[in-house]
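Just dropping this structure here.
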Amino acid sequence: MISIEEIRKNTSLVKKKLAKKGDKSSIDNLLELDKEYRSLITNANELRSERNIVSKKIASLKKDRLSAKTEINQMKEVGESISNIEKESNKIKKLIDTILLNIPNLPHDSTPNGIGSKDNKLVREFGKLKKTDYKIKNHIELGRDLNLFDFDRAAKISGSGFPLYTNRGAKLERALINYMLDLHSLEFGYVEIFPPFLVNSKSPKTTGNLPKFSEDMYQIENDNLWLIPTAEVPITNIHKDEIISEKNLPIKYVSYSACFRREAGSHGKDTRGFLRLHQFNKVELVKFVKPEKSYEELEALTINAEAVLKSLGLKYRVIELCTGDLSFSAAKCYDIEVWSPAEEKWLEVSSCSNFESFQARRGNIKYRKNDGKTDFLHTLNGSGVATPRLLVALLESHQNKNGSINIPEPLQPYFGSNIID
RNA sequence: GGAGAGGUGGCCGAGUGGUUUAAGGCGCUCGCCUGGAACGCGAGUUGGGUUCACGCCCUCGCAGGUUCGAAUCCUGUCCUCUCCGCCA
């Protein structure tokens with residue numbers, strides 16, 4: 001969440017930035033509640049102070065075997081007042097917290113202004129397609145012809161939107177995951193993590209998925225657990241309620257996880273094959289960094305994610321999201337999109353975001369500076385990358401006239417072959 | 001799933017209703033001592049709210065309750081450990 005001090009101090013600037021993100025939260029109402037809350041707290045504290053003093057007096061009177069009747073009766077009243085004020089202030093505090101938890105992060109000054117995806121900015125484009133003189137197949141045809149996955153049977157088992165990889169498809173999926181994990185950990189210095197896939201409700205609150213986006217996640221009601229929509233959720237919460245020494249920053253994690261998303265409201269959009277799934281695999285990058293380094297770290301993280309596509313010989317581009325297209329928790333975000341030759345579309349395979357202190361504040365994640373003071377650190381993350389659309393691009397881009405698929409060189413040791421035919 | 005034990009500061013650990021304003025120790029930081037160090041001596045060392053500030057208040061897993069007053073008593077809840085059962 002954004003800080004209430006910031007809202008108090010720079011009210012008009014906060015309003016302006018929220019408007020850029022298309023948010024309509026009532027800041028004036030929030031500030032009014034905040035004012036009321038603080039006045040109640042001050043009042044209660046004064047009474048508590050009085051009670052503390054008189055309580056000591058009661059103790060010493062009793063020790064000397066003197067009557068403390070007057071004081072006790074007096075404090076009975078004070079105690080009641082305190083409890084009344086507390087009830088009221090707790091109610092207001094809850095309201096304030098609810099409002100704050102539903103206010104999105106403020107966009108960074110470098111984020112371009114805009115309303116929707118058409119206002120996003122192209123940052124760079126990389127890679128070329130090979131020229132073909134034959135009709136290329138889409139990933140569904142390739143998968144069927146080469147027996148790589150089976151959507152009909154997946155639907156029989158689970159329903160639509162669930163993947164069933166078969167044979168060399170299953171192995172290719174595993175190879176991609178292992179390749180990406182090794183690339184990020186061995187080449188780029190991220191520490192490998194394997195997280196739980198079910199989390200309590202505090203964890204998605206840290207990342208910003210709850211309370212606002214409960215509809216997007218699968219919930220296990222019996223045990224009050226949630227299936228993770230991304231490894232970002234468990235990984236970011238590794239350091240929840242911790243104070244990390246400045247000399248240990250930055251912390252860089254890479255993690256594979258299965259991801260589960262209800263995709264409520266996106267039915268009928270890009271639903272063919274692997275384009276949109278309820279369950280998919282992803283390798284995720286997460287960083288905990290000093291505030292003054294976070295934008296530098298975002299550039300580096302984006303480049304790390306791009307390296308996957310670059311090394312696999314795929315055509316991709318990097319898009320800078322505009323204020324209106326930015327996700328709830330992000331201050332700045334680059335999307336990486338890979339080209340699908342058969343769909344003739346750019347497919348989003350990664351979102352690399354700087355959340356600044358938004359998540360750190362929600363999860364109470366701090367760092368201790370060298371001077372001994374503590375402050376919220378900054379968190380970042382990005383996919384490095386999600387497999388389904390990567391697989392789509394890979395199959396389609398590297399297919400041959402005879403229907404076989406060339407496996408890019410860096411992937412060959414993981415897959416165990418240079419071709420699928 | 002059943003039975004039991006327990007959660008106190010960075011760590012260990014005392015504390016069963018009122019000078020606990022959380023003892024004592026370890027660690028860490030600073031100072032003295034020293035040629036330099038060790039030892040020793042002294043000081044500091046949870047996090048948060050509010051205030052221009054001094055200060056005041058909260059914080060003993062979490063949430064309620066009893067009481068003039070709760071780390072301490074009661075209820076619920078979460079977590080950890082031990083034993084039993086089940087199990088990849």
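Both backbone and side-chain heavy atoms feed into the values below; hydrogens, waters and symmetry mates do not. So you know, we letter chains A, B, ... as the sequences are listed, proteins then strands, and number each from 1.
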Which part of the nucleic acid, if any, lies within contact of A:Arg361, taking any heavy atom under 4.0 Å across all strands shown: a base, the sugar-phosphate backbone alone, or nothing?
nothing
Between A:Ser311 and A:Tyr179, do the side chains contain an N or O donor and an N or O acceptor separated by less than 3.5 Å?
yes
When you get a sec, tell me which of B:rU51, B:rC57, B:rG47 is the closest nucleotide to the side chain of A:Asn45?
B:rC57
Only pairs with both distances under 3.5 Å count, Watson-Crick or wobble alike; so what is the partner of B:rC56 in this structure?
B:rG49
Can you check the distance between B:rC12 and B:rC28, where both ends of the measurement are the C1' atom (answer in whole Å)?
15 Å
Quick check for you: among B:rU50, B:rG18, B:rU46, whose closest atom lies nearest to any side-chain atom of A:Lys62?
B:rG18
If the P atom of B:rC32 is compared with that of B:rA37, how far apart are they to the nearest Å?
11 Å
Checking N1-N3 plus N6-O4 or O6-N4 for Watson-Crick, or N1-O2 and O6-N3 for wobble, each under 3.5 Å, the partner of B:rC26 is B:rG10
Using a cut-off of 4.0 Å on non-hydrogen atoms, how would the nucleic acid contact of A:Asn200 be classed: base, sugar-phosphate, or nothing?
nothing
Answer with base, sugar-phosphate or nothing: what part of the nucleic acid does A:Thr374 contact at a heavy-atom distance below 4.0 Å?
sugar-phosphate
Any side-chain donor near an acceptor of the partner, A:Thr166 and A:Asp150, under 3.5 Å
no
Name the pairing partner of B:rC41, where a pair is Watson-Crick or G-U wobble with both distances under 3.5 Å, or state none.
B:rG31
Write down the distance separating the P atoms in B:rG85 and B:rA3, rounded off to the nearest Å.
15 Å
A:Asp223 atom CG is separated from B:rC79 atom P, nearest whole Å, by 10 Å
Where the side chain of A:Lys366 is concerned, which of B:rG49, B:rG48, B:rG69 is the nearest nucleotide?
B:rG48
Do A:Glu173 and A:Thr387 have side-chain atoms, one donor and one acceptor, less than 3.5 Å apart?
yes
Between B:rU51, B:rG64, B:rG47, which nucleotide gets closest to the side-chain atoms of A:Ile243?
B:rG47
Rounding to the closest angstrom, what is the interatomic distance between B:rC73 and B:rA14 at atom P?
15 Å
Within the 6.0 Å centroid threshold, strictly below: A:Phe328 and A:Phe358
yes
Which of B:rU46, B:rC56, B:rC58 is nearest the side chain of A:Arg48? It is B:rC58
For nucleotides B:rA23 and B:rG2, find the distance between their P atoms and express it as a whole number of Å.
40 Å
Separation of the C1' atoms in B:rC62 and B:rG6, to the nearest angstrom
16 Å
Using only atom types and a distance under 3.5 Å, with no angle test, would you say the side chain of A:Gln399 pairs donor to acceptor with the backbone of A:Lys137?
yes
Say you pick atom C1' in B:rG35 and the same atom in B:rA53; how far apart are they, in whole Å?
48 Å
Looking only at atom C1', what distance separates B:rC54 and B:rG65, rounded to whole Å?
37 Å
Identified pairing partner of B:rG76, criterion: Watson-Crick or G-U wobble below 3.5 Å
B:rC62
